[in-house]
Amino acid sequence: ITGQTSHHKASILKAAAEISANLQVPFDMSLNAILAAVATVCQGCLDASFPDGATIPTSLITITVAESGAGKTPCQKQANQAITQFQSRR
């Protein structure tokens with residue numbers, strides 16, 4: 001599991017760096033968008049378990065605060081591109 005986790009972490013960081021470079025947005029903004037996209041993909045597959053045995057769906061709420069024109073929307077669209085393509089084929 002540790003090897004897989006390292007691989008996933010590296011892939012997430014690489015994707016965020018590519019979006020940041022391609023769109024000329026801050027790395028933190030692109031990483032936030034990538035983490036939100038990853039959470040969207042995983043949400044239906046993972047549950048959080050509590051010590052008392054209760055489980056709830058996983059979720060991640062992200063907020064990106066930046067001026068208008070800073071690249072929030074293009075960043076989000078790029079991070080969600082595969083999700084959007086998948087949904088359009090359904």
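Values reported hereafter were calculated over all heavy atoms of this structure, with side chains retained and with hydrogens, waters and symmetry mates removed. Since the model is a prediction, treat every value here as computed from it, not as a measurement.
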Show me, pair by pair, the donor-acceptor contacts under 3.5 angstrom made by side chains of residues 38-56, not counting sequence neighbours?
unit_1	atom_1	unit_2	atom_2	d
Thr40	OG1	Ala36	O	2.9
Gln43	NE2	Thr58	O	3.1
Asp52	OD1	Ala54	N	2.9

- Can you run down the side chain to side chain donor-acceptor pair (under 3.5 Å) pairs that involve residues 25-37, sequence neighbours left out, and say none if there aren't any? Asn32-Thr64
- Rounded to the nearest 0.5 Å, how far does CD of Gln78 lie from OG1 of Thr84? 10.5 Å
- Query: How does the hydrophobic cluster around Ile63 look, that is, which other residues are in it when side-chain heavy atoms under 4.5 Å mark a link?
  - Reply: Val65
- Set of side chain to side chain contact (heavy atoms under 4.5 Å, CB included) partners for Leu35, sequence neighbours left out: Ile12, Leu31, Leu60
List the atom pairs, donor and acceptor, that lie under 3.5 Å between side-chain atoms in residues 13-20 and the rest of the protein, sequence neighbours left out.
unit_1	atom_1	unit_2	atom_2	d
Ser20	OG	Val25	O	2.6
Ser20	OG	Phe27	N	3.4

- Sequence-distant partners of Asn80, side-chain hydrogen bond (donor to acceptor under 3.5 Å, both in side chains), two or more places apart: none
Result block: side-chain N/O donor-acceptor pairs under 3.5 angstrom for residues 68-77, not counting sequence neighbours:
unit_1	atom_1	unit_2	atom_2	d
Lys72	NZ	Ala66	O	3.0
Lys72	NZ	Glu67	O	3.1

